Amino acid sequence: MTTTTAKEHDSDVLISGGGPVGQVLALLLTQRGLRVSVVERWAAPYPLPRAVLMSHDVLRVLWQLDLGDELTPMLQSWGQEGQLFCLEDGAGRILTQSRFSPESDSGFASASSFSQPELEQVLERRVQADPLITQYRGYSLEELSDDGAGVTATIRPHTGFAPVPGGAPRTLTAAYAVGCDGANSTVRSLLGLPMIDLDFNRDWLVVDVMPHVPTTWLPYACQRLAPGRSTTLVPAGPGRRRWEFMILPTDDQDKVDTEENAWRLLEPWQIHPGNAEMVRHARYTFRGRWATEWNRGRVVLAGDAAHQMPPFQGQGFNSGVRDAANLAWRLALLVDGAGADSLLDDYTAERCVQVAGIIELTVGIGRMFCMTDPDECALRDVELAKLAGLDIPDPSTTLLLRGGSLRDDEIGGKLGLQANVGTSTRTALLDEIVPPPGFVLLGRDGDPVDRLSTSTRAFWQRLGGRSAHFGPGGLTDADGKYAAWFDRLNASVVVIRPDFQVFGGVLDPDDTDVLVDDLATRVLADGPPHTAGSQPPEKAGVAD
């Protein structure tokens with residue numbers, strides 16, 4: 001997409017924060033032809049593990065950046081070999097266990113473990129090689145102003161821990177700015193954006209190890225619910241394991257975060273210096289909170305700057321990448337001058353509601369995991385033992401997007417299916433046949449573009465939209481999954497957004513014109529006015 005940003009701006013989008021969310025957002029933006037500045041106070045990516053779980057829809061976002069060959073060696077798919085997640089009592093007896101689904105609507109396993117340092121190195125190499133990205137590593141953002149036509153930022157040399165004494169400030173300008181600068185976000189503070197806090201603050205010791213031999217005697221993933229100390233055990237990428245130990249008030253707080261204590265806590269699992277290497281140990285405070293506003297003017301938040309959640313469902317990193325995917329196409333339209341003024345409000349409406357739901361669910365799980373009263377734990381264990389083993393759903397498939405830039409038709413907000421489709425020459429996943437990014441009009445039978453009026457087709461072209469269909473002259477449903485998917489949606493035509501979310505759908509192909517008109521009304525500055533039969537855009541809002 002060709003940008004129309006005034007040339008006096010140093011970039012189209014300035015990103016404060018060069019962690020994985022900022023890096024992914026930068027690459028998604030340059031994929032659309034935008035110029036990006038990234039400001040990051042650390043001179044190099046963080047070298048130690050943090051997130052360890054990658055959801056299927058997030059892997060799909062990374063895959064579109066052509067990172068597949070580099071991602072595959074660092075991933076360990078959950079559920080492909082029948083792995084289970086166990087809830088155990090303090091004695092190690094299984095209360096209940098659940099399955100990880102080996103499939104998803106994204107075309108990948110529902111979840112994979114991974115090594116975040118390896119991922120960040122891959123992203124960093126890609127960012128450094130991208131001619132549209134200018135990085136300012138070793139700088140921190142200090143001031144940010146918005147004059148309605150662009151943003152101006154003051155950045156200053158930084159060691160990562162503190163400003164460089166006497167470091168000369170620099171001024172950067174951009175059309176828009178995004179704060180991806182973590183839980184203690186400078187951007188959020190400068191904007192004065194309030195947060196909702198669920199008052200869940202628990203300290204845990206996180207320990208990552210690399211066993212010398214495969215740890216076949218361990219549960220694949222489990223939560224040991226001991227009143228004395230709740231403990232989480234999960235894979236952390238090929239050849240890596242993670243333990244998370246709840247820190248108790250009776251612990252010697254000065255010695256909790258020591259290697260000696262970490263090895264001591266690992267003893268019940270027969271993990272010791274003779275059979276494993278300790279990668280790191282770190283004390284973390286698990287919190288549940290989110291900003292009630294994610295945007296103001298030309299400045300917007302993403303990732304931990306907008307939300308923090310306990311790790312019990314592994315959704316912090318994943319929610320941040322979902323933010324980036326949801327935001328990138330909006331910024332591209334706005335920079336181009338084509339986007340509706342409501343696009344950033346709609347971003348807040350969609351992402352804030354889903355994230356709030358995930359945080360509320362995760363905090364509820366966390367309160368259950370963090371019980372210490374023996375009587376309360378006994379009652380909890382009795383109730384958990386009554387649960388039958390079920391597939392563990394990813395929150396992105398159960399807490400769907402709503403409002404914002406979506407059609408209110410019970411179809412909008414679902415994830416677009418990626419499964420095998422066939423052409424005259426090959427069979428491949430849909431994203432390989434119709435490569436992202438872009439809006440896609442997908443029809444069950446016949447090219448849906450043929451149903452568009454001249455004026456609506458012009459809007460579709462303005463969006464850079466493409467189409468694909470099943471049936472004569474189109475794709476074949478290689479595995480029969482698309483027929484079942486359209487049946488579940490009760491649709492024959494759908495619009496899939498660049499972030500792989502379904503905008504909406506229609507059952508009668510003759511309503512395709514109305515469907516695309518509704519899309520243009522919501523996302524284009526010069527879209528059609530609301531007409532009878534179309535549904536007006538939802539008012540942007542956030543969860544209270």
Side-chain angles (χ1 to χ4, degrees), residues 17-25 45-46 48-59 61-62 78 85 110-120 123 178-185 188 195-198 200-206 208 221 223 232 234-237 242-244 246 280 282-291 294 301-327 350-367 369-370 392-399 401 543:
V21 174
Q23 291 172 319
V24 170
L25 178 59
Y46 190 70
L48 298 177
R50 286 174 290 175
V52 295
L53 184 143
M54 186 180 297
S55 293
H56 59 94
D57 56 321
V58 167
L59 180 55
V61 171
L62 298 179
W78 292 21
F85 175 79
S110 61
S112 300
S113 62
F114 76 107
S115 167
Q116 183 170 334
E118 291 181 44
L119 173 62
E120 289 199 46
L123 293 172
V178 185
C180 298
D181 48 351
N184 299 314
S185 170
R188 189 184 68 237
M195 300 192 80
I196 288 178
D197 195 318
L198 297 186
F200 180 86
N201 300 287
R202 301 291 190 277
D203 287 351
W204 286 61
L205 181 68
V206 178
D208 288 275
Q223 184 73 36
T232 307
V234 291
R242 167 170 293 180
W243 279 260
E244 296 170 357
M246 187 169 70
R280 69 112 188 217
R283 181 174 184 154
Y284 281 92
T285 299
F286 297 163
R287 293 189 170 91
R289 60 179 189 162
W290 66 91
W294 292 27
L301 303 179
D304 285 353
H307 48 78
Q308 298 109 56
M309 62 191 71
F312 302 116
Q313 288 192 302
Q315 291 302 306
F317 161 81
N318 293 290
S319 294
V321 176
R322 292 179 191 124
D323 297 343
N326 194 298
L327 183 58
E350 291 181 24
R351 294 299 308 134
C352 185
V353 171
Q354 186 188 65
V355 162
I358 293 174
I359 294 173
E360 288 169 345
L361 177 62
T362 306
V363 166
I365 293 172
R367 294 191 194 281
F369 285 178
C370 293
I392 298 176
D394 188 282
S396 68
T397 62
T398 55
L399 295 167
L401 298 183

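Note that the coordinates shown come from a computational prediction; the quantities given were computed from them, not determined experimentally.
Looking at Val355 and Met309, their side chains come closer than 4.5 Å, going by heavy atoms from C-beta outward. Inter-residue side-chain proximity for Gln313 and Leu361 is flagged as met; some heavy-atom pair is nearer than 4.5 Å. Side-chain contact check for Ser55 versus Ser110: every heavy-atom pair is 4.5 Å or farther apart. In this structure, Cys370 and Met246 have side chains that are in contact, with non-hydrogen atoms separated by less than 4.5 Å. Counting heavy atoms from C-beta outward, Phe114 and Val58 have side chains that stay 4.5 Å or more apart. Residues Ile365 and Val363 have side chains not in contact (no heavy-atom distance under 4.5 Å, counting atoms from C-beta outward).
When atom types are taken as modelled, the side chain of Asn318 and the backbone of Leu53 share a donor-acceptor pair closer than 3.5 angstrom. Listed for the Asp323 side chain is a donor-acceptor partner under 3.5 Å among the backbone atoms of Gly303. Judged by distance alone, the side chain of Ser113 and the main-chain N or O of Gly237 form a donor-acceptor pair under 3.5 Å. Proximity of a side-chain donor or acceptor of Arg367 to a complementary backbone N or O of Thr362 within less than 3.5 Å is not detected.
Taking the side-chain hydrogen bond (donor to acceptor under 3.5 Å, both in side chains) definition, one finds that Arg280 meets it with Asp208, Tyr284, sequence neighbours left out. Annotation: side-chain hydrogen bond (donor to acceptor under 3.5 Å, both in side chains) contacts of Gln23 (sequence neighbours excluded): Glu124.
Note that CG of Leu62 and CG of Leu119 are 6.0 Å apart. Values are rounded to the nearest 0.5 Å. A distance of 13.5 Å separates NE2 in His56 from CH2 in Trp78, rounded to the nearest 0.5 Å. One finds the CD1 atom of Ile358 at 11.5 Å from the CH2 atom of Trp290 (value rounded to the nearest 0.5 Å). Here Leu401 contributes atom CG and Cys352 contributes atom SG; the two are 12.0 Å apart, rounded to the nearest 0.5 Å.
When every heavy atom of Gly288 is checked against every heavy atom of Pro310, the shortest pair comes out as CA-CD, 4.1 Å. Closest approach of Ala305 and Asp181 over heavy atoms only: CB-OD1, 3.7 Å. Val21 and Gly320 make their closest contact through CG1-O, 3.5 Å (heavy atoms, listed as atom of the first residue, atom of the second, distance). Across all their heavy atoms, Ala291 and Leu301 have their closest contact at CB-CD1, 4.2 Å.
One side chain, Gln116 or Glu120, offers a donor N or O that lies under 3.5 Å from an acceptor on the other. Judged by distance alone, the side chains of Gln308 and Arg287 never bring a donor and an acceptor atom under 3.5 Å apart.
Separation of the Phe286 and Phe200 ring centroids does not fall under the 6.0 Å cut-off. Ring centers of Trp204 and Phe369: at least 6.0 Å apart, outside the cut-off.
With respect to Asp57 and Arg322, a salt bridge is recorded, a charged nitrogen being found less than 4.0 Å from a carboxylate O.
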If you apply the rule side chain to side chain contact (heavy atoms under 4.5 Å, CB included), what do you find for Arg242 with Val206, and how did you get there? CA-CA 7 Å; Arg242 167 170 293 180; Val206 178; 3.5 Å; yes
Arg283 and Asp203: CA distance, side-chain angles, deciding distance, salt bridge (charged side-chain N to carboxylate O under 4.0 Å, His left out) verdict: CA-CA 7 Å; Arg283 181 174 184 154; Asp203 287 351; 3.1 Å; yes
Starting from the C-alpha separation in whole Å, work towards a yes-or-no answer on side chain to side chain contact (heavy atoms under 4.5 Å, CB included) for Met195 and Arg188. CA-CA 10 Å; Met195 300 192 80; Arg188 189 184 68 237; 3.4 Å; yes
Please test Arg289 against Leu198 for side chain to side chain contact (heavy atoms under 4.5 Å, CB included), starting from the C-alpha separation and ending with a verdict. CA-CA 6 Å; Arg289 60 179 189 162; Leu198 297 186; over 6 Å; no
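Each of Arg351, Glu350, Gln354 was scored for a side chain to side chain donor-acceptor pair (under 3.5 Å) with Asn326, with one residue passing: Glu350.
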